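The block underneath contains the structure these notes are about, expressed in structure tokens.
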Amino acid sequence: MGSEIEKTFKFVIVGGGIAGVTCVEQLSSKFPSEDVALITAGPHIKAVTNYKQVSRTLEEFDVEEKPFSVLQEKFPNLTVIHSAVKSLDTRSHCLETADGRVFGYKKLCICSGARPKLLTQENPYVLGIRDTDSAQEFQKQLSKAKRIVVIGNGGIALELVYEVRGCEVIWAVKDKAIGNTFFDAGAAQFLIPSLEADKAEVAAPCKRQRYTTEKPNPNAAHTFTADEYSRGQKPGGVQPGSALGPDWHRGMELKGAEQVSRRVSVEYQCEVEQILTSEEFLVSSKQTLKPDTGSWPVYVQLTNGKTLGCDFVVSATGVVPNTEPFLHGNNFSLADECGLQVNDHLMTSEPDVYAAGDVCTACWEHSPLWQQMRLWTQARQMGWYAGRCMAADVLSEPIELDFCFELFSHVTKFFNYKVVLLGKFNAQGLGSDHELLVRCTKGQEYIKVVLSRGRMVGAVLIGETDLEETFENLILNQMDLTAYGEELLNPNIDIEDYFD
Ligand code: FAD
């Protein structure tokens, strides 16, 4: 690092997303007379508002983009530095920012988030959605589009295909069913009619079934090495903003150039073979590719042999943690998907460096009912817990892993249905050692319970089921439910009363 250290702070937090801001709030209020700094690249910070603890582990909140001044006014001991961190030297405990300033720290927390794992870099016809800027770019391109191809099967793709109007959407997923990150094939089947109809269908009679599953799909996601990752960085590119979250499309008209309402078709079990410009397509189609009708600026060749022309491609195939500026010259342990490995105190492998949110990978021995997913709620929980751990470290106090890491829980909305996910909701890691109970009322609710050795270990609740608290308790107390069998989901039994 060339320049002199401008100032040394007791605590430095990098990143103004949910994780970073929550960590800042924790530390600035706990240590009002210590110097705290937030260094962030994006133009705004993300603040949690309307926080509501729905049950022991379920929480709901809104997130608002706010100017830095809001935080600084609240915490006089906080300095916000608006610049991207360019490099970190963990031995001398200092960071250099893109504008050439150097800051020292006693304790550092990296909350730099993640960015879309784009199918290809620098292709103007391939868009990722991450922050406000990229969502606006998507909206702009969409307004002129007649057909788009969406690649990916996670939450962003799910929301996108549902929200887009006035444009044909071809959705390519690598799995046998849509929404594989969140659902099994049964839930996908429940949701599919929502893509076809503009209005929810009339509720049909209740159906209940019990079965055991086939072997779960192995996760075929590509793993990036640190090297691949850094090659993917755009030097001098736009500073990354914070990740959007639920309802990122609210207030944004996602409308294409056509007069159609929703028009979605799904290509299952395929991945992208290559992306071609119209010129490349013309050259190659003479040899091997089947011609697509019409002329499009970009073509996507899928592994199922189809080549589809479209106005642009949305790459929604997951994220890569933003670790690159912090790695050079240091000794961070990285996880397979390149997150900074953290232990049960959210400490990285470098002394005095913590990490929280999308940038980190939880590498402690997890509770059997919890898994990391790069979601808003976990970013908030990790930011908050990292702040507490840093404080405990400074005060030499012991601290135990927070209760929120006991049970995975997430509330969201897909296709306008309330969705609650609890524990091992997709029987993750259970192999064949589980059975499922399902209750489904078409157009109204889908309830799935995952049982292992007679105990509830996970659940998917779609619709207004009102069962989340009861199921959360049943999962947390690990009561033996063998005696109840299918009655657990009997719609004529008020299960809440049953377990009171
Ligand atoms: P971020 O919010 O990404 O914040 C990272 C911060 O670090 C930013 O302020 C950025 O400017 C800053 N930064 C990055 N690099 C540097 C650097 N070198 N120097 C300084 N600062 C830097 N989650 C849900 O739970 N539900 C949803 O429905 C949902 N929908 C989503 C929809 C979209 C389109 C996207 C993109 C994500 C969605 N997520 C959702 C995921 C959720 O938004 C993220 O998990 C969460 O915001 C991560 O928070 P974070 O604080 O770790 O990172």
Side-chain angles (χ1 to χ4, degrees), residues 12-24 37-48 59-63 65-66 68 80-88 95-99 103 108-117 127-136 138 152 154-160 163 181-182 233 237-250 252 254 314-316 318-327 339-340 355-360 372-384 386 409-414 419 421:
V12 171
I13 294 95
V14 178
I18 305 278
V21 171
T22 316
C23 185
V24 161
L38 169 65
I39 307 181
T40 187
H44 292 102
I45 56 114
K46 287 258 158 102
V48 171
E59 52 185 53
E60 279 178 329
F61 54 84
D62 299 324
V63 172
E65 279 201 337
K66 292 193 171 164
F68 311 134
V80 180
I81 297 154
H82 181 202
S83 187
V85 170
K86 199 171 73 181
S87 62
L88 164 67
L95 297 144
E96 186 170 6
T97 53
D99 54 8
F103 300 97
L108 169 70
C109 188
I110 301 175
C111 306
S112 51
R115 62 177 192 287
K117 199 193 283 176
L127 306 184
I129 299 176
R130 178 71 193 164
D131 46 22
T132 314
D133 288 348
S134 54
Q136 280 167 357
F138 167 72
I156 296 174
L158 263 170
E159 287 191 71
L160 196 98
E163 293 299 328
T181 319
F182 295 100
Q233 275 287 100
V238 182
Q239 302 301 4
S242 311
L244 297 162
D247 289 342
W248 58 275
H249 41 75
R250 198 195 286 166
M252 235 187 191
L254 296 185
V314 182
S315 174
V319 293
V320 196
N322 283 324
T323 54
E324 201 270 339
F326 310 99
L327 302 182
L340 297 173
D358 281 7
V359 73
C360 77
Q372 182 180 9
M373 286 184 85
R374 290 189 161 86
L375 294 166
W376 246 3
T377 31
Q378 292 197 354
R380 195 202 68 79
Q381 291 165 344
M382 285 184 174
W384 185 75
S409 56
H410 186 56
V411 194
T412 188
K413 253 192 173 179
F414 286 124
V419 174
L421 304 170

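Quantities reported herein were computed from a predicted structural model and do not represent experimental measurements. For this chain, numbers begin at 1 and follow the sequence in order. In each ligand, atom 1 is the first atom listed, and ligand 1 is the first ligand listed.
Neither the backbone nor the side chain of Lys46 has any atom closer than 4.0 Å to an atom of ligand 1 (non-hydrogen atoms only). Within the 4.0 Å heavy-atom criterion, the part of His410 lying near ligand 1 is the side chain and not the backbone. In Cys111, the part holding a heavy atom less than 4.0 Å from any atom of ligand 1 is the backbone. Looking at Leu375 against ligand 1, both its backbone and its side chain come within 4.0 Å, counting heavy atoms. The proximity of Ile156 to ligand 1, defined as any non-hydrogen pair under 4.0 Å, is limited to the side chain. Contacts with ligand 1 closer than 4.0 Å are made by heavy atoms of both the backbone and the side chain of Ala41.
Contact check for Phe68 versus Leu38: no side-chain heavy atoms found under the 4.5 Å cut-off. Within the 4.5 Å cutoff, side-chain heavy atoms of Gln372 are placed close to those of Arg374.
Residue Ile18 places at least one N or O, backbone or side chain, under 3.5 Å from an N or O of ligand 1. Here's the thing with Thr40: one of its N/O atoms is less than 3.5 angstrom from an N/O atom of ligand 1. Between Gly20 and ligand 1, a contact under 3.5 Å exists for no N or O pair. In terms of N/O distances under 3.5 Å, ligand 1 is not approached by Pro325. Of the N or O atoms in Arg130, one or more lie within a sub-3.5 Å distance of an N or O in ligand 1.
Note on ring orientation: taking the six-membered ring where Trp is involved, the planes of Phe182 and His410 are parallel (angle under 30°, cut-offs 30° and 60°).
Here is the list of ligand 1 atoms found below 4.0 Å of a heavy atom in Trp376: 23 (N), 24 (C), 25 (O), 42 (C), 43 (O), 45 (O), 46 (C), 47 (O). Shown in contact with Val14 at under 4.0 Å from a heavy atom are these atoms of ligand 1, numbered in order with element: 19 (N), 20 (C), 21 (N). Listed by number with element, the atoms of ligand 1 under 4.0 angstrom from any heavy atom of Ala84 are 19 (N), 20 (C). Those atoms of ligand 1 that come under 4.0 Å of a heavy atom in Arg374, given as number and element, are 41 (C), 45 (O). The distance from ligand 1 to the heavy atoms of Gly113 drops below 4.0 Å at these ligand atoms: 3 (O), 5 (C), 52 (O), 53 (O). Those atoms of ligand 1 that come under 4.0 Å of a heavy atom in Glu159, given as number and element, are 28 (O), 30 (N). When each atom of ligand 1 is checked for a heavy atom of Ile129 under 4.0 Å away, the hits are 34 (C), 36 (C). Counting atoms of ligand 1 from 1 in the listed order, those under 4.0 Å from a heavy atom of Gly42 are 11 (O).
Of the candidates Cys23, Pro321, Ala19, Ala114, it is Ala19 that places a heavy atom closest to atom 51 (O) of ligand 1. One option in Ala98, Gly383, Ser112, Ala356 has a heavy atom closer to atom 13 (N) of ligand 1 than any other, and that option is Ser112. For atom 6 (C) of ligand 1, the candidate residues are Gly16, Gly128, Ala379, Ser134; the nearest heavy-atom contact is made by Gly16.
A distance of 6.5 Å separates CG in Leu340 from CG in Leu327, rounded to the nearest 0.5 Å. Distance check: Ile45 CD1 to His82 NE2 gives 12.0 Å after rounding to the nearest 0.5 Å. To the nearest 0.5 Å, atoms CD1 (Ile129) and CD (Glu159) are separated by 9.5 Å. Note that the CZ atom of Arg380 and the OG1 atom of Thr377 stand 8.5 Å from one another [nearest 0.5 Å]. Rounding to the nearest 0.5 angstrom, the gap separating the CZ atom in Phe61 from the OG1 atom in Thr22 is 7.5 Å. For the atom pair CG (Leu108) and CZ (Phe326), the distance works out to 7.5 Å, reported to the nearest 0.5 Å.
Using a 4.0 Å cut-off between charged side-chain N and carboxylate O, Lys46 and Asp62 make no salt bridge.
Of all heavy-atom pairs spanning Cys23 and Ile13, the tightest one is SG-CG1, 3.9 Å.
Every residue meeting the side-chain contact (heavy atoms from CB on, under 4.5 Å) condition with Ala379, not counting sequence neighbours, appears here in chain and number order: Ile18, Ala19. Among residues two or more places apart in sequence or in another chain, the side chain to side chain donor-acceptor pair (under 3.5 Å) test is passed with Thr181 by none.
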